[in-house]
Amino acid sequence: MENDKMLIDSIDKENSIEIYEQDKSLFKRDKDSGKSEKIFTLKDLPPFVYSKQTVREQKYQVPKQMFGPCAVSEDGKSILVSSIGTDSYLGYIKITETKEAFKVAQGEEEKKQDSGKAQGEEEQTKEEESKETKTTFTIKDIDFYFNSTITSIIFSPNGQNLVVEVKDKNGMSYLNLYSVSGEKLDLKLERRFPKDRFSLTKPYFVSENEVVFTVIPSKNATDEESKLKGDWMVEIQKGDINQIK
């Protein structure tokens, strides 16, 4: 927290970018230039969405009390955004920046230039000033979670997949993986680690297709379940799940 600004996520590239929250809005800041720009507010979230946990005919109200975790892609052009309340919402924002020309107002009595060179330089400067960057966005719904809180969201290195950590009302955490198109990736994690018996936490990508996470058995775990405690890795394409520590 800095000057009432909550840093959400950052990336370190040639043009380093930070995403931060202030007054229920998300801002993008270029750390090199120091320039900040508001890109999204809680009011921009959709009012109702579907959930992949239920039939598609039913829509549910999106919480708009506060932002949850967010993440920015390495190129700075995509943002994973969440909002949390009793339920949680997850969406994917695509940012588009365009240069738009606008008319520069000039005084009626503009001073004449003493030379053609000076006049040419002035015209070039005006042409440069007459273009400004306009940022627009589109948002795609990823999922909606009942009586649960999103605690972390992470992009894959190429920005094509994502992993989200969710804590349910009983305090147990689980992971879901998606493509940025919104497709849920069925990796059989719940079959291997039932939600009422294990918490899956601290996910991170070690490659485009490999996610490492920590398995924590429940307090009343059996001896066999307790042996599964540790760090595991799931291979997205093949669906292989192996303990690594």
Side-chain angles (χ1 to χ4, degrees), residues 1 5-11 17-28 38-73 76-96 135-156 159-187 189-190 195 199-205 211 213:
M1 180 75 73
K5 300 176 182 178
M6 178 67 75
L7 179 64
I8 300 293
D9 197 10
S10 64
I11 58 175
I17 294 172
E18 289 180 340
I19 300 296
Y20 66 90
E21 177 193 357
Q22 185 178 21
D23 299 329
K24 296 186 177 182
S25 298
L26 292 184
F27 291 79
K28 183 176 73 170
K38 182 164 72 173
I39 54 176
F40 195 78
T41 73
L42 282 170
K43 294 181 180 179
D44 294 321
L45 292 173
F48 298 93
V49 296
Y50 295 108
S51 172
K52 291 182 171 63
Q53 303 177 58
T54 64
V55 294
R56 295 288 292 179
E57 287 76 12
Q58 179 67 46
K59 282 191 171 185
Y60 304 92
Q61 187 171 10
V62 173
K64 296 189 178 184
Q65 294 93 326
M66 61 185 297
F67 283 110
C70 299
V72 59
S73 61
K77 297 179 180 179
S78 302
I79 299 174
L80 295 172
V81 61
S82 70
S83 64
I84 56 178
T86 301
D87 307 312
S88 291
Y89 165 83
L90 175 63
Y92 170 79
I93 298 174
K94 187 68 176 178
I95 299 173
T96 303
T135 299
T136 59
F137 68 86
T138 56
I139 183 166
K140 179 189 293 290
D141 304 328
I142 299 295
D143 214 342
F144 183 88
Y145 307 92
F146 302 99
N147 298 311
S148 301
T149 302
I150 295 173
T151 53
S152 72
I153 312 171
I154 302 172
F155 267 117
S156 63
Q160 297 304 303
N161 294 313
L162 62 111
V163 58
V164 54
E165 179 182 336
V166 184
K167 181 177 290 187
D168 65 22
K169 62 182 180 180
N170 298 316
M172 303 293 284
S173 295
Y174 61 93
L175 306 179
N176 281 342
L177 286 93
Y178 307 84
S179 67
V180 293
S181 67
E183 177 188 2
K184 187 175 180 180
L185 306 178
D186 184 12
L187 300 177
L189 287 177
E190 187 177 350
K195 291 180 181 179
S199 277
L200 308 185
T201 66
K202 302 177 181 178
Y204 61 93
F205 283 89
V211 177
F213 57 94

Would you give the length of the straight line joining atom OG of Ser73 to atom CD1 of Ile19, rounded to the nearest 0.5 angstrom?
9.0 Å
Quick one: pull up CD in Glu190 and CG in Leu200 and give me the separation to the nearest 0.5 Å.
9.5 Å
Run the side-chain contact (heavy atoms from CB on, under 4.5 Å) check on Phe144 and Thr54 step by step: do they pass?
CA-CA 10 Å; Phe144 183 88; Thr54 64; over 6 Å; no
Quick one: does Asp143's side chain get under 4.5 Å of Ser51's, heavy atoms only?
yes
For the student: nearest non-hydrogen atoms of Pro63 and Asp87, plus distance:
CG-O, 3.5 Å
I need the Asn176 CG to Leu162 CG distance, nearest 0.5 Å.
9.5 Å
Let me see the working for Ser82 and Ile153 under side-chain contact (heavy atoms from CB on, under 4.5 Å), right down to the final yes or no.
CA-CA 9 Å; Ser82 70; Ile153 312 171; 3.8 Å; yes
Testing the 3.5 Å rule here: is there a donor-acceptor pair between the side chains of Ser181 and Ser179?
yes
List the steps, then state whether side-chain contact (heavy atoms from CB on, under 4.5 Å) holds for Val166 with Ser88.
CA-CA 9 Å; Val166 184; Ser88 291; 5.9 Å; no
Counting C-beta onward and ignoring hydrogens, is there a side-chain heavy-atom pair between Tyr145 and Ile150 closer than 4.5 Å?
yes
Do Asp141 and Tyr89 have side-chain atoms, one donor and one acceptor, less than 3.5 Å apart?
yes
Compare all side-chain heavy atoms of Val164 with those of Leu175 and state whether any distance is below 4.5 angstrom.
no
Gln65 versus Gly85, closest heavy-atom pair with distance
OE1-CA, 4.1 Å
NZ of Lys202: more than 12 outside heavy atoms within 6.0 angstrom?
no
Distance check, rounded to the nearest 0.5 Å: Glu21 atom CD versus Met66 atom CE?
7.0 Å
Applying side-chain contact (heavy atoms from CB on, under 4.5 Å) to Tyr178 and Asn161, what does each step give before you reach the verdict?
CA-CA 6 Å; Tyr178 307 84; Asn161 294 313; over 6 Å; no
Evaluate whether atom NZ of Lys167 has more than 12 neighbouring non-hydrogen atoms of other residues, nucleotides or ligands under 6.0 angstrom away.
no
Heavy-atom count check: over 12 atoms from other residues, nucleotides or ligands less than 6.0 Å from Lys94 NZ?
yes
What distance do Ile154 atom CD1 and Leu177 atom CG have between them, rounded to the nearest 0.5 Å?
10.0 Å
Pairwise side-chain contact, Ile79 with Phe137, heavy-atom cut-off 4.5 Å (strictly under):
no
Without swapping roles, check the side chain of Asn170 against the backbone of Met172 for a donor-acceptor pair under 3.5 Å.
no
Can you find a heavy atom in the side chain of Phe213 that is under 4.5 Å from one in the side chain of Val163?
no
Considering non-hydrogen atoms only, spot the tightest contact between Pro69 and Ser152 and give its length.
CG-N, 3.8 Å
Interatomic distance, OG1@Thr41 vs CG@Leu26, rounded to 0.5 Å, equals 8.5 Å
One pair to check against ring pair (Phe, Tyr, Trp, His ring centres under 6.0 Å): Tyr60 and Phe146. What are the steps and the verdict?
CA-CA 9 Å; Tyr60 304 92; Phe146 302 99; 4.6 Å; yes
Please state whether the rings of Tyr20 and Phe27 are parallel, tilted or perpendicular, taking 30° and 60° as the class boundaries.
parallel
Looking at every heavy atom in both Ser199 and Gly171, which two are closest together, and how far apart are they?
OG-O, 4.2 Å
Counting distance only, does the side-chain N/O of Thr151 pair as donor-acceptor with the main-chain N or O of Glu165 below 3.5 Å?
yes
Is it true that atom NZ of Lys77 has more than 12 heavy atoms of other residues, nucleotides or ligands lying nearer than 6.0 Å?
no
Pi-cation contact, Tyr174 with Lys195 (under 6.0 Å, within 45°):
yes
So do Ile93 and Thr138 actually touch side chain to side chain, heavy atoms under 4.5 Å?
no
Lys64 side-chain N/O to Leu45 backbone N/O, donor-acceptor pair under 3.5 Å
yes
